[in-house]
Participant: 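Following this message is one structure expressed as structure tokens.
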Amino acid sequence: MKANLPLLVSMVVLGVLGVCQGGSLRKKYYKSACPLAEEIVQKVTWRHVSSNPNLPAKLIRMHFHDCFVRGCDGSVLLNSTANSTAERDAAPNLSLAGFDVIDDIKSQLEKTCPGVVSCADILALASRDSVSFQFKKPMWEVLTGRRDGKVSLASEALANIPPPVFNFSSLKQSFASKGLTVHDLVVLSGAHTIGVGHCNGFSNRLYNFTGKGDADPSLNSTYAAFLKTKCRSLSDTTAVEMDPQSSRNFDSNYFAILKQNKGLFQSDAALLTNKGARKIALELQDSADFFTEFAQSMKRMGAIGVLTGRAGEIRKKCSIVNV
Ligand code: HEM
Ligand SMILES: *[C@@H]1O[C@H](CO)[C@@H](O)[C@H](O)[C@H]1NC(C)=O
Ligand SMILES: *[C@@H]1O[C@H](CO)[C@@H](O)[C@H](O)[C@H]1NC(C)=O
Ligand SMILES: *[C@@H]1O[C@H](CO)[C@@H](O)[C@H](O)[C@H]1NC(C)=O
Ligand SMILES: *[C@@H]1O[C@H](CO)[C@@H](O)[C@H](O)[C@H]1NC(C)=O
Ligand SMILES: *[C@@H]1O[C@H](CO)[C@@H](O)[C@H](O)[C@H]1NC(C)=O
Ligand SMILES: *[C@@H]1O[C@H](CO)[C@@H](O)[C@H](O)[C@H]1NC(C)=O
């Protein structure tokens, strides 16, 4: 009995840690209830990506926004109701897209196994699969077993999605509040290797950084001159590639341009302002390292605040809660 105490204690401790890290998610959760689930998600996602190369950026960002607000519970997918404005209609939703793709995947799954696969899992899988299309193999493992939340509030998106003007300490704090480390922060920022940002998210860095009509001195001046040709004024809303020339290619080039002080947002540039973060960012220029680390950090992000067991529900449609 006595000899087993350490074992018992370690099991309890591991159990608690497991829960904190979303340990109740599993590999192939739908193996028996919907054996084709992951295959269907991949098939439908790849079909959409093959005709829309911008989709990977949309879906992975949507997954991030989902996980940072009430955990990865599909709340970002819910429509506003007569009573309340949902996350997807909050200001940080700027350019969120791909809802129709999630709805399409869901309706395919409902035909095969009605009421089984959660919208939160669909989003986690589809963001992995969309990014993986380019490689024709899964780039990270997605554990499953998430259930769907019933609440989506625009105010919570505002409060939880870090804005592009955050400095390093605010970013660190934002990620820490989700159980993510500075390492995760730097690694996951590498997702900015794909997709676009709109001028109004960074044009203060070009035109009025300190209120004196000046530019951000931490932005590469050659690059700032180029960006000014894209963004003509502070209110311009043109979309600009975050990783020019390779913005549809998921690679480690984000960290190469970051080093040249060409990170688009203040939040990107901020990663160079902390010694430890800077060191990580420079290491991640190596693409093998980046892919390995990204896989691990995505797993951690995908486990934030998940609903499992009997919590939440399995929505029938991803944009509305079940009646
Ligand atoms: C570290 C804090 C972060 C900040 C402050 C931030 C901020 C932003 C902003 C302002 C945009 C541009 C939105 C627009 O103008 O349309 C953007 C785009 C994007 N973000 Fe982040 N982001 C962060 C972290 C992440 C993470 C963790 C991921 C995913 C793992 C991610 C993936 C993306 C992608 C793929 C896009 C491009 C979307 C598109 O092309 O439509 N971001 N981000
Ligand atoms: C949710 O909103 C979208 C966009 O406005 C709309 O296309 C969709 O039909 C809505 N979903 C439901 C179930 O009403
Ligand atoms: C709106 O709020 C009322 C009262 O809180 C509630 O009874 C009703 O179900 C809500 N309607 C929707 C569409 O959420
Ligand atoms: C974003 O929110 C605005 C309102 O703030 C809304 O008009 C717009 O349709 C939303 N965009 C998406 C893609 O849901
Ligand atoms: C970062 O931003 C926060 C919030 O605006 C501010 O309180 C803090 O002083 C800033 N930190 C640094 C090091 O600039
Ligand atoms: C630049 O910022 C200052 C201080 O916030 C403001 O008074 C001024 O109007 C801004 N200039 C422009 C062109 O928006
Ligand atoms: C700015 O970018 C150019 C390439 O466009 C690069 O050669 C230069 O080193 C960069 N300057 C700084 C300060 O990073």
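Heavy atoms only: backbone and side chains are in, while hydrogens, waters and symmetry mates are out. Whatever order the structure lists ligands and atoms in, that order sets their numbers, starting from 1.
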Participant: Name the option, out of Phe64, Phe166, Phe202, that contains the heavy atom nearest to atom 23 (C) of ligand 1.
Facilitator: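 Heavy atom nearest to atom 23 (C) of ligand 1 belongs to Phe64.
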
Participant: Taking side-chain contact (heavy atoms from CB on, under 4.5 Å) as the criterion, tell me which of Leu234, Thr237, Val240 meets it with Cys199.
Facilitator: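 Of all the options given, the one that passes is Val240.
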
Participant: Just how far is it from atom CG of Leu180 to atom CE of Met301, taken to the nearest 0.5 Å?
Facilitator: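 Reported value, rounded in 0.5 Å steps: 8.0 Å.
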
Participant: If the condition is ring-ring contact (aromatic ring centres under 6.0 Å, His included), which residues does Phe175 pass it with, not counting sequence neighbours?
Facilitator: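 Counting only residues at least two positions away or on another chain, Phe175 forms a ring-ring contact (aromatic ring centres under 6.0 Å, His included) with Phe68.
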
Participant: Arg146 side chain to Cys119 main-chain N or O, any donor-acceptor pair under 3.5 Å?
Facilitator: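 The answer is no, because no donor-acceptor pair under 3.5 Å joins these two groups.
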
Participant: Any donor and acceptor pair, going by atom type alone, linking the side chain of Thr112 with main-chain N or O of Gln108 inside 3.5 Å?
Facilitator: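 Yes; at least one donor-acceptor contact below 3.5 Å.
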
Participant: Could you pull out, from Met62, Arg61, Arg248, the option with a heavy atom nearest to atom 34 (C) of ligand 1?
Facilitator: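 The option holding the nearest heavy atom is Arg61.
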
Participant: Test your reading of the model: is there a side-chain donor-acceptor pair from Thr292 to the backbone of Ala288, 3.5 Å cut-off?
Facilitator: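 It does hold such a pair.
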
Participant: Just which atoms of ligand 1 are under 4.0 Å from any heavy atom in Ile60?
Facilitator: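 Those qualifying, in numeric order: 35 (C).
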
Participant: Could you list which atoms of ligand 1 come closer than 4.0 Å to a heavy atom of Leu188?
Facilitator: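 Every atom of ligand 1 under 4.0 Å from some heavy atom of Leu188: 26 (C), 27 (C), 30 (C).
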
Participant: May I ask you to check whether Thr222 has an N/O atom sitting below 3.5 Å from an N/O atom of ligand 7?
Facilitator: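 Min N/O separation from ligand 7 is not below 3.5 Å for Thr222.
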
Participant: Counting only heavy atoms, tell me which of Cys199, Gly197, Pro162 gets closest to atom 2 (C) of ligand 1.
Facilitator: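 Ranked by closest heavy atom to atom 2 (C) of ligand 1, first place is Pro162.
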
Participant: Please tabulate, one line per pair, the protein nitrogen or oxygen atoms found under 3.5 angstrom from a nitrogen or oxygen of ligand 5, with distances to 0.1 Å, or say none if there are no such pairs.
Facilitator:
unit_1	atom_1	unit_2	atom_2	d
ligand 5	2 (O)	Asn167	OD1	3.4
ligand 5	2 (O)	Asn167	ND2	2.3
ligand 5	11 (N)	Asn167	ND2	2.9
ligand 5	14 (O)	Asn167	ND2	3.4

Participant: May I ask you to list the atoms of ligand 1 that are less than 4.0 angstrom from any heavy atom of Leu185?
Facilitator: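 Going through ligand 1 atom by atom, the ones under 4.0 Å from Leu185 are 1 (C).
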
Participant: Between Arg147 and Gly309, is there a donor-acceptor pair closer than 3.5 Å when you use the side chain of the first and the backbone of the second?
Facilitator: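 Side chain of Arg147 to backbone of Gly309, a donor-acceptor pair under 3.5 Å: yes, one is there.
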
Participant: Counting only heavy atoms closer than 4.0 Å, does ligand 1 sit against the backbone of Ser189, its side chain, both, or neither?
Facilitator: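 Looking at Ser189 and ligand 1, just side chain atoms fall under 4.0 Å.
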
Participant: Whether the side chain of Asp66 engages the backbone of Met62 through a donor-acceptor N/O pair (distance < 3.5 Å, no angle test) should be reported.
Facilitator: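 Answer holds: no.
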
Participant: For the residue pair Phe133 and Phe250, is the inter-centroid distance of their aromatic rings smaller than 6.0 Å?
Facilitator: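 That pair fails the under 6.0 Å test.
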
Participant: Polar-atom distance check: Lys262 versus ligand 7, any N or O pair below 3.5 Å?
Facilitator: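 Yes, at least one N or O pair falls under 3.5 Å.
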
Participant: Taking only heavy atoms of Ile194, which atoms of ligand 1 are found under 4.0 Å from at least one of them?
Facilitator: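 Selected atoms, number and element: 35 (C), 37 (C).
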
Participant: Counting from 1, what ligand 1 atoms have a heavy atom of Phe175 closer than 4.0 Å?
Facilitator: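 Checking each atom against Phe175, I get 1 (C), 2 (C).
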
Participant: Just wondering, more than 12 heavy atoms not from Lys230 lying within 6.0 Å of its NZ?
Facilitator: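 Open.
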
Participant: Quick one: which residue pairs count as a side chain to side chain donor-acceptor pair (under 3.5 Å) with a foot in residues 35-53, not counting sequence neighbours?
Facilitator: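 Side chain to side chain donor-acceptor pair (under 3.5 Å) check on residues 35-53 returns His48-Asp104.
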
Participant: Would you say Gly201 contacts ligand 1, with heavy atoms under 4.0 Å as the rule?
Facilitator: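 It does not; every heavy atom stays at 4.0 Å or beyond.
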
Participant: Who's closest to atom 8 (C) of ligand 1 heavy-atom-wise, of His63, His192, Met242, Lys58?
Facilitator: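 Closest candidate by heavy-atom distance is His192.
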
Participant: Does Glu283 have more than 12 heavy atoms from other residues, nucleotides or ligands lying within 6.0 Å of its CD?
Facilitator: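 Count over threshold, so yes.
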
Participant: Under the ring-ring contact (aromatic ring centres under 6.0 Å, His included) test, which residues partner Phe166, sequence neighbours left out?
Facilitator: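 Testing Phe166 for ring-ring contact (aromatic ring centres under 6.0 Å, His included), a comparison that skips the adjacent residues, returns none.
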
Participant: Just distances here: any N/O of Val196 and N/O of ligand 1 closer than 3.5 Å?
Facilitator: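 Yes - when backbone and side-chain N and O of Val196 are compared with those of ligand 1, one distance drops under 3.5 Å.
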
Participant: Out of all atoms in ligand 1, which are within 4.0 Å of some heavy atom of Pro163? Include the element for each.
Facilitator: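 Going through ligand 1 atom by atom, the ones under 4.0 Å from Pro163 are 5 (C).
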
Participant: Please determine if Ser95 has a nitrogen or oxygen closer than 3.5 Å to a nitrogen or oxygen of ligand 1.
Facilitator: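 Yes; at least one N/O pair falls below 3.5 Å.
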
Participant: For ligand 1, which is the ligand I care about here, please tell me if Ser267 has any N or O atom under 3.5 Å from one of the ligand's N or O atoms.
Facilitator: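 Such a contact does not occur with ligand 1.
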
Participant: Considering Phe68, Phe265, Phe294 one by one, which has a heavy atom nearer to atom 12 (C) of ligand 1 than any of the others?
Facilitator: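 Going through Phe68, Phe265, Phe294 one by one, Phe265 has the nearest heavy atom to atom 12 (C) of ligand 1.
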
Participant: Might you confirm whether atom NZ of Lys136 has over 12 heavy atoms from other residues, nucleotides or ligands at distances under 6.0 Å?
Facilitator: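 Above 12, so yes.
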
Participant: Where the closest heavy atom to atom 29 (C) of ligand 1 is concerned, which of Ser247, Ala270, Gly195, Ala191 has it?
Facilitator: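 When every heavy atom of Ser247, Ala270, Gly195, Ala191 is considered, Ala191 comes closest to atom 29 (C) of ligand 1.
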
